[in-house]
Number of protein chains: 2
Amino acid sequence: MRENTTRPTVLPVAPSRGRLRPLGLDEVRITGGFWARRRHTNETATIGHCRDWMERVGWTGNFRAVAEGRIHQGRRGREFADSEIYKLLEAMSWQAAASDGSGTTLDAETAELTEAVASAQQPDGYLNTAFGHPGQQPRYSDLEWGHELYCYGHLIQAGVAQARARGEGELTKIARRAADHVCATFGPGGIEGVCGHPEIETALVELARLTGEQRYLDQAALFVDRRGHHALTDIEFGRVYFQDDVPVRDATVLRGHAVRALYLAAGAVDVAVETGDDALLAAVVRQWEAAVARRTYLTGGMGSHHRDESFGDDFVLPPDRAYSETCAGVASVMLSWRLLLATGEPRFADLAERTLFNVVATSPSEDGRAFFYANTLHRRARGAVPAADTDSPRAESSLRAPWFAVSCCPTNVARTLAQLPAYVATVDDHGVQLHQYADAEIATSLAGGHGVALRVRTDYPSGGAVTVRVVRSPDHPWTLSLRVPEWTAGAPASLVDPDGTRRTVPPGTAGVTRVFRPGDEVRLELPVTPRWIRADPRVDAVRGTVAVQRGPLVYCAESADLPDGRDVDAIRVDPSVKPQDVPDDTGGTVVVAGDIDAHAERPATGWPYEPLDRPVARSADRTEIVLVPYHSWANRGPSTMRVWLPTAELRTTEPRTTEPHPAEPRPTEP
Amino acid sequence: MRENTTRPTVLPVAPSRGRLRPLGLDEVRITGGFWARRRHTNETATIGHCRDWMERVGWTGNFRAVAEGRIHQGRRGREFADSEIYKLLEAMSWQAAASDGSGTTLDAETAELTEAVASAQQPDGYLNTAFGHPGQQPRYSDLEWGHELYCYGHLIQAGVAQARARGEGELTKIARRAADHVCATFGPGGIEGVCGHPEIETALVELARLTGEQRYLDQAALFVDRRGHHALTDIEFGRVYFQDDVPVRDATVLRGHAVRALYLAAGAVDVAVETGDDALLAAVVRQWEAAVARRTYLTGGMGSHHRDESFGDDFVLPPDRAYSETCAGVASVMLSWRLLLATGEPRFADLAERTLFNVVATSPSEDGRAFFYANTLHRRARGAVPAADTDSPRAESSLRAPWFAVSCCPTNVARTLAQLPAYVATVDDHGVQLHQYADAEIATSLAGGHGVALRVRTDYPSGGAVTVRVVRSPDHPWTLSLRVPEWTAGAPASLVDPDGTRRTVPPGTAGVTRVFRPGDEVRLELPVTPRWIRADPRVDAVRGTVAVQRGPLVYCAESADLPDGRDVDAIRVDPSVKPQDVPDDTGGTVVVAGDIDAHAERPATGWPYEPLDRPVARSADRTEIVLVPYHSWANRGPSTMRVWLPTAELRTTEPRTTEPHPAEPRPTEP
């Protein structure tokens, strides 16, 4: 690993070492296209939406109630509601840093919220509206479920965001006081506990990076090392739920509650990077590999269990019971980004891209004022229209809901979109690396302080051409590296260098090394034609089906696109015919050949299982089936949807009678 | 419907009207075979096992703690733990009635437990160890989750069992006092509530049947009618969880928590039968039909959601996330039995048979001292060996566990096996109907008091021949009816009458009407050859797979039967070859042709999705695969298991490029 020199940039994550050095929000701007639209909606709609809802449901009021000594009269929201204000504050800081206009408005709102938060902090730094005040349970009396340290984690991340984005202010000071209190209370000689929900680990490391204070890093390392030794009491879901079953460095796969697992892994990477603990880093990489290979949906979504919001066993990935929580998507991107910076390996950016387009971008509605908490891959029932004025269940409708009793996802989407430009590019001693493709302007400096500026132009992911124009460059050679996504395997990408020389580039990293001149252009051409995708046969739940992916986008069939009220569950596709882009479209729609099996829509009566030797009844109307990007579904009213599309059933041959197969008899009944 | 005349028989369910009249445990004895072995284990192992565990975990002690005024010092178990003692008491009464030897031992244990229960009953009849005592929440302060009425339901069922099986005793008196208290408290002018867990409805009707007291029936009817009108407050799972979303008579399908839904439906049938409410009965039949057609596993198991133990949406039946709670199986049998008595339709006995053999019989281990709470159809991970001395999670291992924190299933299995002989046969004005096949002796009287006695001999379900010998008969003609199971469709059964005349009989009911003489034999020959079964294509989770059923038994592949540590997930079967009974075996084992795909066992690394145009790698070792009855799995140590067996993957043809399919463009991005 290389050492990163400290620079005053607006960095969400600022490791002191690593293969790649991240760029700040002052160094990368996203100027157009898919993510610019999403970020604009985030700034103009989602942040205010979250702010309004938290006032309305009383979560911001909790802080004032503590200050006024009346919190025992009825605190509002779940035990972790404080954290939502902190996540929103974090989002506001990052967004303000990159804002073209409303930065000052965001700053004013930040100041107002910060004042409320400050009023509830105790003289010793303790800050939580659910515990420790007259009439409440004592501080730290329920580490399993109390979320006090989890809330500090988000507070600290917000404080760091403020310091980096707007300069150290009141929020940063509140966060430091809280962190000092945590070190005093949970440090050596203090409570030997951890939080039921990891999150403070990554936050404390970032605070250490910001302040240079070793004790924050030490405390984070202590929390990481304590977990897995039954630091918490057992619960109904088992200690695996909060990763207290096995120490981080011994675990072989991500497991338990998905968001908890991923936040912990992110924190462990941070600790490993700052302490030079290569064994710990290797352990997390191993867990990431196993989770990606066996416990991840095609969308990048993680976590199939509704019951405990957890990863399931290997290959238990039912699309119609996918939980794939939005926050797990956010956390997965956090983890992948940290692993990318530490290792430089493009596979981490590959997963981040997939997850950003198909999980993070799927959660918010077009207007940014409603959200999916769970991101199922198959919706069979339209469900009720979510309430407009009260919170909604997490996974009960085919429509996004404005708010939830556990409303972690909206603010997590907001803070992710706010810091998104930071994921676009990095630098190292040899040059600049592009990881995510968007219209962007990049201005930074290479080793030795030589300025470099790039302009990226693309209509990705609709189109596959990415043009990088050099605006400013040192006079000596350096390398411009571009990620060639894993999804190009078998459909090769091309790279055109400033001379016009074209070469095929395999998945991984493609680089151009030369003395660049302003005006030089490098062009990456990615084959964003739609393709049929199949799953490992061990993903039993999608056997006999195929999906369509186009570039990084996963597609789906939605009932809104079917004729005459036909339903997605009657679709059968013909995978011998290639999926096609719809001509004259913006690149968003695909059609596939198939039919709609009227028999599959017959009223379901009787017993749904039958001997195989009965003829299969089918009544197929050959048709074209329109597919839309998965992230865009459910913006046209209640609908049903599926990502994995059944192929026509196997033709059943009449069973042949053969001789009995002798085998050892075994008794089966006592 | 016909009126049933009151007779002093040991009847678990004694409707005053209905198409069929049930027989008591004094009229039907199971004398050998599958169910006799299960019942022997129940009597000699399971009942004592439950008794010991409830003493050990302190649930029986709760009653003594109430009596001694120290319950506030630490009541043990969940809020509904009292009900487990009642269910065990019910089991002990039914079992004692049919016992050849240990009835007196069971009576002594009943007396001891009853004394503890009695000591905790309050002067006004209130009886619950979790509420209403000093230091506890007030009575009926949490109808959603408190389970007080639910516990009364099981107490009343135990009291009825005692009265019917052993004559009215102390337990019956306790139950009546409790029921009187319920009527006084929840009757007209009282609390207008219902219990979050239905159960008291069916119990109150049975008490009304026992005592002739109309007010118990009225109270049950009131509880049934109140539900569905938001009688309970909303909860995270929604009111659908406790069927308070829609009135019983308006609902179209069983939904929400499966056990709650099925107990409620059973109670509604009881109310409908006693009050002559045909519309209510029809509503339940409609819900049963819809649930069977769309929300039931091949095993008869109901409920796929782990999160809220509920039915899922139609066709959401993932085998690897099947919950299929044992208690839902018990409750389903209760419901089907009531519907069979009311309507006489054999389809209800068909489902009861399937559920008894594949859910109820699957839960207990061979030794009767460990249980499955959930009955998954696909177990991918061996999991940990359950703790021998503490309670276990409900669905975390491939092995049965001796006890659970929520341990509803063991006592429910015990009371079901204890009353099982009552499910074998019924009478009506025309004769005797056999519904379930087992070695049995039946002695009852037909209309007019004419005695009839039958002896049934069979090795069902290993063999398909059922011989019914007439031991005693009136001198006039009557009809012996035999259920021809639905699973014989396409593989006809035969009936041989006393003359030796053989005829093919279709699924439904086959009857022989004549003047029977002692020694006459009727023989039903059921084709218990193994058959391939497929599912409705809307059961997405089992697409591309087949299952094997042999008679009423569902089969499964278990890793214990595979060579060299190979795993069930690598199995591919060839459904063009008929499954075969293993010769010289007792009829318990089946072999199928197939292969084990070595490629499917490769280490899972990388990304588990790939373009369809890549060649499918398979490495198939042709082999025979041994299948065992599903109910017998997991008796040989930790293993993996699957009911639905993949067929070889579809051969993928190279995609043809065709002309683009024009379609209307639609915008997908804002």
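Here the structure is a predicted model, which means the values were calculated and not measured. Every chain is numbered from 1, with letters handed out A, B, ... down the list of sequences.
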Using a cut-off of under 4.5 Å on heavy-atom pairs, state which of [options] scores highest against chain A.
options	answer
Phe237(B), Trp633(B), Tyr297(B), Trp644(B)	Tyr297(B)
Val316(B), Asp391(B), Asp367(B), Leu317(B)	Val316(B)
Val539(B), Thr296(B), Leu298(B)	Leu298(B)

Portion of [X] that has a non-hydrogen atom of chain B nearer than 4.5 angstrom:
X	value
Ala381(A)	both
Asp314(A)	backbone
Ala535(A)	both
Ser304(A)	neither

Determine the option with the most heavy-atom pairs under 4.5 angstrom with chain B, choosing from [options].
options	value
Gln549(A), Glu610(A), His306(A)	Glu610(A)
Arg321(A), Arg294(A), Glu236(A), Glu289(A)	Arg321(A)
Val292(A), Thr545(A), Asp540(A), Asp308(A)	Asp540(A)

Among residues at least two apart in sequence or on other chains, which ones pass salt bridge (charged side-chain N to carboxylate O under 4.0 Å, His left out) with Arg538(A)? Asp536(A)
Residues that Glu486(A) engages under salt bridge (charged side-chain N to carboxylate O under 4.0 Å, His left out), provided they are two or more places apart: Arg354(A)
Taking side chain as everything from C-beta outward and backbone as N, CA, C, O, which of these in [X] sits under 4.5 Å from a heavy atom of chain A? Side chain, backbone, both or neither.
X	result
Val546(B)	side chain
Trp487(B)	neither
Ala290(B)	neither
His378(B)	side chain
Ala489(B)	both
Phe315(B)	both
Arg642(B)	side chain
Asp313(B)	side chain

So, Arg531(B) side chain and Asp613(A) main chain: donor-acceptor pair closer than 3.5 Å or not?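 Side chain of Arg531(B) to backbone of Asp613(A), a donor-acceptor pair under 3.5 Å: no, none is there.
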Would you name the heavy atoms of Gly544(A) and Arg543(B) that are closest together and state the gap between them? O-CD, 3.4 Å
